[in-house]
2 protein chains.
Amino acid sequence: MVAEIEHKITDSEWEVMRVVWAQNKVTSKEIIEVLQQKKDWKPATTKTFIGRLVNKGMLETETEGKKYLYSSKVSEGDIIKSSLNDFYNNICSREVGNTIAYLLSNATLSFKDIDILEKILETKKKDAVEEVPCNCVPGQCKCSEHGYSNCNSDHCNSNHSNEHQG
Amino acid sequence: MVAEIEHKITDSEWEVMRVVWAQNKVTSKEIIEVLQQKKDWKPATTKTFIGRLVNKGMLETETEGKKYLYSSKVSEGDIIKSSLNDFYNNICSREVGNTIAYLLSNATLSFKDIDILEKILETKKKDAVEEVPCNCVPGQCKCSEHGYSNCNSDHCNSNHSNEHQG
DNA sequence: GGTTTAAGTTTACATTTGTAATCGACTTTT
DNA sequence: AAAAGTCGATTACAAATGTAAACTTAAACC
């Protein structure tokens, strides 16, 4: 189970977190410098996001002698997982396979990555299904019913599906 | 290349789009009914989202005789891809493999899905790399440097990485 | 030791998002 | 034809987000 992440993280907050994750413990000055370079943010802007992340419980502070050091309270992997879970709540369950295929196609992977993925894929064969159930609308997506002749949903695998695919 | 999606789509807007995708052409009444069931939204709320989606150019309207029919101007797959691209801009390139592994592990897949994924994975072997480059911070993530002894980033594969992993 | 500087905290403000009521123009009903 | 219902459009408003200046306090410097 993935650690519970209380709040969603915004795009801007991601940027800050990445700097922290990349170095474990950092001063605000370091974060500010990196993001001034990378995102052209004014120092004040970065400060705001740091503050919000502390409030959200994503970052914690520690006073080393005189100065503040920021570190992350949540791992990058956990936030990624939490964000993806949120995202996957939005999409049709039938799109999951396509989605992974798309990601896979466009990814830069290491040999080790590929190795791991192959193994996982192998185990997935055991619980593969004939047709992934659709969860789009309560009464189920109409495209899975026969005779519905103008479905243009991507996940529709009826033979009518490519008649008018933008 | 994925179709350019002008605007980001919000969680609430996803819900509306899903109803439209599931049925191709729908009246507002149908959308409202589904989302009243599924999300307990007041009709006015759904109307707002429909309106915003029309403004964003995601939905288009057509008057069949007397009444409005809404249909999607963008395919579900394209929006998913666009959203995932946005998301992947936020995460470390080294996390991509892990991410796909996570998704794969938790996915419900069809036999066909698995088949496709296997083939893609096979082709990925050709351009696999020894170590995926990190894109977290301009000067590269410190965890890839030797001697940096307190990196707790998930993607750090130095041997010090599990000393204090929350 | 007073002044400059650095850094965390407060305040500011425009946009976007979530959530919804109300308005205005048709349509349908009586 | 007047009343009532539909439905798209307009308006409302709080919370979240992007972006940043100002304030405050403590440290550093001359």
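The sequence lines fix the lettering, A, B, ..., with proteins before strands; numbering per chain opens at 1.
- Look at CD1 on I32(A): it is 14 Å from C1' on dA21(D), rounded to the nearest Å.
- Straight-line distance from the CG atom of D86(B) to the P atom of dG18(D): 12 Å, rounded to whole Å.
- Taking a cutoff of 4.0 Å between a charged side-chain nitrogen and a carboxylate oxygen, K25(A) and E62(A) qualify as a salt bridge.
- Ion pairing between K125(B) and E118(A) holds under the 4.0 Å rule for side-chain N and carboxylate O.
- Contact check on K8(B) versus D11(A) returns a salt bridge, with a Lys/Arg side-chain nitrogen under 4.0 Å from an Asp/Glu carboxylate oxygen.
- Put simply, CD1 on I31(B) is 15 Å from C1' on dT6(D), counting in whole angstrom units.
- Here the P atom of nucleotide dT15(C) and the NE2 atom of H7(B) are 15 Å apart, to the nearest Å.
- Relative to the side chain of S12(B), the nucleotides dG18(C), dT9(C), dG18(D) differ in distance, and dG18(C) lies closest.
- Of the candidates dA9(D), dA21(C), dG8(C), dG8(C) carries the atom nearest the Y68(A) side chain, counting heavy atoms from C-beta on.
- Summarising the geometry, the separation between CG on D11(B) and P on dT17(C) is reported as 10 Å, rounded to the nearest angstrom.
- Listed nucleotides dA9(D), dG18(D), dT19(C) differ in distance to W41(B); the shortest reach to its side chain belongs to dT19(C).
- For the pair F49(A) and L35(A), the minimum side-chain heavy-atom distance is 4.5 Å or more.
- Salt bridge R18(B)/E76(B): absent, no basic N to carboxylate O contact under 4.0 Å.
- Heavy-atom distances under 4.0 Å link DNA chain D to A44(A), T45(A), T48(A), F49(A), R52(A), K56(A) of residues 43-56 of chain A, given in residue order.
- Counting only heavy atoms from C-beta on, S28(A) has its side chain closest to dG8(C) among dG8(D), dG18(D), dG8(C).
- dT11(D) atom C1' lies 19 Å from atom NZ of K42(B), rounded to whole Å.
- Of the charged side-chain nitrogens involved, none lies within less than 4.0 Å of a carboxylate oxygen, so that R52(B) and E13(B) do not count as a salt-bridged pair.
- In this structure, K39(B) places its NZ atom 16 Å from P of dT17(C), rounding to the nearest Å.
- Phosphate contact (OP1/OP2 of dG18(C), side-chain N/O of T10(B), threshold under 4.0 Å): present.
- Here the side chain of K124(B) pairs a donor or acceptor atom with the backbone of A107(A) at under 3.5 angstrom.
- Summarising the geometry, the separation between CE on M58(A) and C1' on dT17(D) is reported as 14 Å, rounded to the nearest angstrom.
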